[in-house]
Amino acid sequence: MTEAGSCECGSVAYSLTSDGPVHVYACHCLNCQTRSGSAFAEHAMVPASAFACEGTTTTYSRTANDIRFEEVFCDVCHTRLFNRNSALPDMIFLRAGTLAGSQKLEPIVHMWTRRKQHWISLPDGVPSFEESPTPEQFGAAVQQAQQRNSADR
Ligand SMILES: [Zn+2]
Ligand SMILES: [Zn+2]
């Protein structure tokens with residue numbers, strides 16, 4: 001299954017090959033609100049080996065707790081396309097709103113709900129966490145989403 005996406009101006013395009021659907025999560029933390037200039041951030045974790053990006057990008061880097069964080073933008077229109085960090089070098093944190101067909105996405109996890117904007121009501125049956133879930137909790141949510149997907153078929 002190949003998914004693709006691009007920045008707003010189209011100078012940077014990416015594609016990703018993965019075995020199943022792309023799992024998107026929503027982060028309602030204050031950093032995500034500030035960085036996105038929006039109510040929450042929608043990310044998808046994808047293996048770096050399945051991700052290919054073409055076009056000229058600009059990277060904003062910062063270091064916190066000895067982890068280097070990079071945020072990658074289109075050099076022309078400055079759409080933020082993905083993040084990566086030195087703690088999980090094999091993963092790309094895709095900004096899911098840049099995926100083609102992003103209107104069909106549905107987060108499988110909501111995190112940092114204690115910071116979420118009050119007008120947002122979360123759907124029933126989708127795991128949500130007041131702060132960041134543990135990797136085990138996140139893994140369980142992915143499994144739950146996979147089971148839902150296969151039940152729908
Ligand atoms: Zn662009
Ligand atoms: Zn966040």
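When a ligand or atom number is given, it counts from 1 through the structure's own listing order. In this chain, numbering begins with 1 at the start of the sequence shown.
When distances to the Zn ion (ligand 1) are checked against a cut-off of 2.8 Å, H78 contributes no N, O or S atom below that limit.
Salt bridge status for E131 with R115: absent, with no side-chain N to carboxylate O gap under 4.0 Å.
Between C7 atom SG and C74 atom SG, the angle centred on the Zn ion (ligand 1) amounts to 100° (nearest 10°). For the pair SG of C77 and SG of C9, the angle at the Zn ion (ligand 1) is about 110°; rounding is to 10 degrees. For the pair SG of C29 and SG of C27, the angle whose vertex sits at the Zn ion (ligand 2) is 110° to 10 degrees.
Relative to the ring axis of F82, R95 does not place its NZ or CZ within 45° and under 6.0 Å from the centre.
Judged by distance alone, the side chains of T57 and D75 never bring a donor and an acceptor atom under 3.5 Å apart.
The aromatic ring centres of Y60 and F69 sit 6.0 Å or more apart.
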